[in-house]
*Asks:* 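Dropping a structure here in structure tokens format, bear with me for questions.
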Amino acid sequence: MKKQLMNNKKDFKNFIIFKILPLIITMASLIAAFFMFTLRNKSSITTRNKEYLKESTTSLQQRLNVKFESSLHNISSIAYLFGESISSVEESKSLIKDIENQTEFDYVRFITKEGDDITSEGEAPNVNLSDRDYFIDGMKGNKGITLVEKSRVNGQRQIGFYAPVYSSLNIEGILIGFYLESSLSSDLYNTFYGKQSSVFIIDSNKKIVTSSMNKESSSILEGSEDKYSFNSILNSYYFNDKNKDIFESSIANKGEELFQINTKKGKTYGYITRLSFEFIDWYIVQTYPYEATQILFSIATDSGLSLEVAILVITAFYVTYIVFMQVLKNKRIAQENRIATYVTSAARDIFKTMFFVDLEQDRCEDLSINKHNRQKIGTLNELKEYVISEVINEKQISDVMQFFHPSNLKNYDPSKLTNMVIEVINRTSKEENYLSMTFVPTEVEGSIVKCGLLVFNDVTDQKKKELQANIELEDAYNKSQSASKAKTSFLFNMSHDIRTPMNAILGFADLIEKHLDDKDKCKMYLQKLKSSSSFLLSLINNVLDMARIESGQTEIVESVWNVNNFVSDLVSVFESSIKEKNLKFIKFMDIKHENVYCDATRLRQIYLNIISNAVKYTPNGGEIKLIIKEIECDKEGYARFQTVVSDTGIGMSKEFLPHIFEEFSREKTTTESRVVGTGLGMPIVKTLVTLMHGTIEVESEQGVGTKFTVTLDHRIARKEEIKVEEEEIKDKDIVSYKGKRILLAEDNELNTEIAVTILEEAGFIVEHAENGQVCVDMIKNAKIGYYDLVLMDIQMPVMDGYKAKETIRAINNPRCDIPIIAMTANAFDEDKRKAYVIGMDGHIAKPINIPQLLETISKVLKK
């Protein structure tokens with residue numbers, strides 16, 4: 001006991017020393033490392049915030065430059081057209097109203113050369129603006145921008161863009177568009193992490209032009225007595241001497257600088273940069289919200305606390321992993337913020353190119369917002385040379401020269417515009433673009449154009465869609481031609497094969513009629529007539545099969561399938577033909593999984609076609625091999641079967657072999673090869689193999705034979721999915737038909753006569769209904785148990801078979817709980833499945849196969 005206690009103490013001591021202590025040391029080290037990481041993270045956040053502030057301010061600067069330049073261009077262009085359009089105060093008032101509605105200006109004023117102020121409301125009484133600096137400058141023929149401290153009209157602070165208004169080369173006044181301070185404030189609105197920043201536009205005298213927020217909501221303006229004086233902010237305790245010097249230096253040097261602000265809440269930063277607009281000496285100042293910095297610090301701190309708690313409860317390895325994930329998270333957030341900043345910086349107005357063309361004075365003025373370093377263009381010829389330099393399709397150069405010919409531009413045709421599409425190279429992306437070049441007359445006298453606008457629009461997408469549409473139209477035409485050729489080929493190839501069995505059927509029917517007294521001859525003729533009918537039915541089925549496959553209606557329906565049973569059934573189909581032709585049939589199988597999932601019906605169709613051809617085209621005494629191997633499969637849970645069918649038949653030529661899977665394609669006609677065929681079997685096989693995601697290969701040589709190799713993957717069936725097939729009932733005549741009453745619903749008289757004869761010869765009592773409605777009425781009026789079964793045709797007048805079945809089942813009466821078998825010419829598997837889904841008890845395909853008909857009736861009656 002004492003020894004055991006000592007061992008326990010020793011184990012506990014070792015546990016403390018070698019496991020707990022290292023873990024505590026590791027955790028302590030990681031916690032210390034984490035605090036260092038937090039400090040570095042805060043430093044990194046501060047650095048990134050400075051970068052974001054600089055990038056954001058630069059982006060605002062670019063946006064304002066574009067807005068100011070665009071506004072000045074707009075007022076200049078409008079003033080140019082304004083002078084030629086006014087003749088009275090009322091007309092000026094209407095034009096000003098239109099300008100205000102179609103531009104971004106808050107309001108527009110026309111100041112006459114006498115200083116009278118005309119607005120969209122009319123002439124302002126007792127207001128003369130002839131002493132305003134911008135009026136004096138505008139009357140000198142200059143354009144520019146001005147700050148109005150307090151408007152005499154509305155008493156508000158505003159920024160105006162002005163340009164002289166000419167009429168017959170005389171200045172009649174100036175046109176000026178105003179933005180209210182509140183409008184510009186919305187342009188300056190900016191946030192960082194949901195917190196609004198303070199943004200100012202100031203002039204070189206540090207006078208505030210406008211800001212993003214008013215005095216009450218801006219923390220940066222606390223302590224300032226003058227709302228529009230930035231000097232009061234500079235002189236407050238928020239700026240130390242060093243940062244005052246930085247700020248003053250940036251204005252003196254017309255540069256850009258980052259400076260520090262010590263707010264009551266803590267330290268933050270500001271950035272100043274000059275607006276690069278040639279008509280003003282203004283600066284944009286933006287501060288980074290202190291609260292946004294605290295949000296990032298809080299995120300880092302909260303994450304750190306969560307990480308610290310996690311370190312206390314998980315292993316050192318997991319702690320390291322969490323720290324690593326936190327680093328990745330911070331990098332991702334930083335990357336997302338950086339991308340957002342880049343996107344904001346890259347945003348700009350849609351590129352537009354427009355020239356005003358004065359044909360009388362041969363003068364062109366570029367009215368585009370962005371000129372993209374375009375060469376100076378003053379005359380129509382210079383504009384033409386510029387456009388030609390951009391054109392990359394040399395064939396269009398003569399068309400461009402013709403477009404710019406003065407006589408073409410001057411001749412006014414109100415029914416159409418002068419336009420064309422040219423192919424140019426994009427100097428930025430180096431890609432081929434398409435531009436629509438349109439000349440719009442703006443001043444016309446009689447039939448002569450004096451002035452107009454030449455507009456360029458990028459129609460690359462539209463042109464490429466048009467070219468693609470032409471390609472698709474050509475493809476559709478080619479496909480239509482191919483389909484027409486295929487149809488012609490079908491009629492040409494199939495005409496003889498269709499007439500041959502029809503000729504035999506009609507001929508043997510005539511012979512039977514002539515030799516009714518000769519039983520042996522009639523029996524022989526009947527066998528040949530049935531053989532020809534079978535071939536004609538096979539031909540029709542193949543054509544319908546191909547049509548359904550091409551229309552996409554063929555479905556692959558899988559169920560559990562036993563390979564061994566399938567092969568045995570497949571071989572048994574050809575036993576009589578093999579014996580008749582004395583063929584040697586070799587079967588070899590090497591498989592591991594005999595139970596898999598597949599569409600047994602479609603698979604049977606594939607191999608019946610291939611083996612049938614082998615039997616048909618192999619002469620007497622030849623050899624046919626069927627080899628099925630399970631080869632390696634790269635899909636988990638699947639078995640890959642490779643089936644090879646080879647023969648020593650007549651083979652095919654090398655020239656025909658590439659066409660074997662084409663529809664209606666045969667190397668020789670039925671008459672030439674003495675073997676019947678439709679030319680559709682192999683296309684059906686190829687399509688079905690493709691639908692099953694398999695492959696089929698063919699090798700052949702004339703006089704040697706043919707070899708088909710089919711490779712398919714099948715999902716392996718689990719043991720619990722394998723259903724043991726029920727043994728077939730050996731005695732199919734257990735059910736006695738004598739005295740059983742069948743109601744036959746059939747609208748066709750010949751089909752009715754055949755079906756009644758077959759059923760009555762089997763012992764049934766048959767009653768007939770010519771359509772679905774009559775069938776329903778007969779059942780309603782019959783006694784319970786009077787009818788044992790209903791044979792229901794599907795396509796009938798008045799009421800079809802499906803509707804009749806639903807009506808019968810809906811009747812709440814025991815007499816209506818009667819077995820109903822669909823008997824229809826719709827013989828595809830999809831039709832059979834539909835019949836069972838609708839609720840039919842069985843399905844029989846036309847033409848009627850007597851054994852199959854009686855077997856189906858027997859099964860239904862025994863239920």
*Asks:* Enter the distance from Asp362:CG to Glu382:CD here, rounded to the nearest 0.5 Å.
*Replies:* 8.5 Å
*Asks:* Taking side-chain contact (heavy atoms from CB on, under 4.5 Å) as the criterion, tell me which of Leu454, Asn381, Val357 meets it with Phe404.
*Replies:* Leu454
*Asks:* If you take the centroid of each ring, where Trp contributes its six-membered ring, are Phe68 and Phe161 closer together than 6.0 Å?
*Replies:* yes
*Asks:* For the residue pair Ile75 and Lys143, establish whether any side-chain heavy-atom pair is separated by less than 4.5 Å.
*Replies:* no
*Asks:* Within the 3.5 Å criterion, strictly below it, is a donor on Ser197 or Gln286 matched to an acceptor on the partner's side chain?
*Replies:* yes
*Asks:* Return the CD1 to OG1 distance between Ile272 and Thr287, rounded to the nearest 0.5 Å.
*Replies:* 12.5 Å
*Asks:* Step by step, work out the side-chain hydrogen bond (donor to acceptor under 3.5 Å, both in side chains) result for Asn457 and Thr438.
*Replies:* CA-CA 8 Å; Asn457 288 323; Thr438 306; 5.7 Å; no
*Asks:* Just by distance, no angles: are the side chains of Asp133 and Thr146 close enough, under 3.5 Å, to form a donor-acceptor pair?
*Replies:* no
*Asks:* Can you give me the closest heavy-atom contact between Arg132 and Val148, atom names plus distance?
*Replies:* NH1-CG1, 3.8 Å
*Asks:* Do you know the tightest heavy-atom contact between Val165 and Ile174?
*Replies:* CG2-C, 3.9 Å
*Asks:* Taking the side chain as every heavy atom from C-beta outward, state whether Gln61 and Asn65 have any pair of such atoms under 4.5 Å apart.
*Replies:* yes
*Asks:* Between CZ of Phe456 and CE of Met437, what distance do you get to the nearest 0.5 Å?
*Replies:* 5.5 Å
*Asks:* Is Lys113 positioned over the aromatic face of Phe135, cation under 6.0 angstrom from the ring centre and no more than 45 degrees off axis?
*Replies:* no
*Asks:* For residues Glu256 and Tyr271, is any side-chain donor paired with an opposing acceptor at under 3.5 Å?
*Replies:* yes
*Asks:* What closest approach, in Å, do Ile111 and Leu129 show between heavy atoms, and which atom pair accounts for it?
*Replies:* CD1-CD1, 3.5 Å
*Asks:* Heavy-atom count check: over 12 atoms from other residues, nucleotides or ligands less than 6.0 Å from Glu104 CD?
*Replies:* no
*Asks:* Where do Met354 and Leu453 come nearest, in terms of heavy atoms and distance?
*Replies:* SD-CD1, 4.1 Å
*Asks:* Kindly write out the residues that satisfy side-chain hydrogen bond (donor to acceptor under 3.5 Å, both in side chains) with Asp137, not counting sequence neighbours, or none if the list is empty.
*Replies:* Asn142, Tyr162
*Asks:* When the ring centroid of Phe105 is compared with that of Tyr179, is the distance short of 6.0 Å?
*Replies:* yes
*Asks:* Going through the distances and angles, do Leu175 and Ile78 end up as a side chain to side chain contact (heavy atoms under 4.5 Å, CB included)?
*Replies:* CA-CA 8 Å; Leu175 192 68; Ile78 294 168; 3.7 Å; yes
*Asks:* Any side-chain heavy atom of Asp281 sitting closer than 4.5 Å to one from Asp203?
*Replies:* no
*Asks:* Quick check, are the ring centers of Phe356 and Tyr80 under 6.0 angstrom apart?
*Replies:* yes
*Asks:* Can you list everything that forms a ring-ring contact (aromatic ring centres under 6.0 Å, His included) with Tyr134? Sequence neighbours excluded, please.
*Replies:* none
*Asks:* Is a side-chain donor-acceptor pair under 3.5 Å present for Glu114 with Thr112?
*Replies:* yes
*Asks:* Using the rule given for side chain to side chain contact (heavy atoms under 4.5 Å, CB included), can you reason through Val449 versus Thr442, listing the C-alpha separation, both sets of side-chain angles and the distance that settles it, and then say yes or no?
*Replies:* CA-CA 8 Å; Val449 178; Thr442 58; over 6 Å; no
*Asks:* Any chance you could measure Tyr52, atom OH, to Thr47, atom OG1, to the nearest 0.5 Å?
*Replies:* 10.5 Å
*Asks:* Between Met401 and Ile388, which heavy-atom pair has the shortest distance, and what is it?
*Replies:* CG-CD1, 3.6 Å
*Asks:* For Phe110 and Phe82, take the angle between the two ring planes, folded into 0 to 90°, and tell me which bin it lands in: parallel under 30, tilted 30 to 60, perpendicular over 60.
*Replies:* tilted
*Asks:* Any non-hydrogen side-chain atom of Ser120 less than 4.5 Å from a side-chain atom of Tyr107?
*Replies:* no
*Asks:* Answer with yes or no whether the side chains of Ser130 and Asn128 bring together a donor and an acceptor at under 3.5 Å.
*Replies:* yes
*Asks:* How long is the straight-line distance from SG of Cys451 back to NZ of Lys410, given to the nearest 0.5 Å?
*Replies:* 10.5 Å
*Asks:* How close do Ile171 and Met139 get, heavy atom to heavy atom, and via which atoms?
*Replies:* CD1-O, 3.3 Å
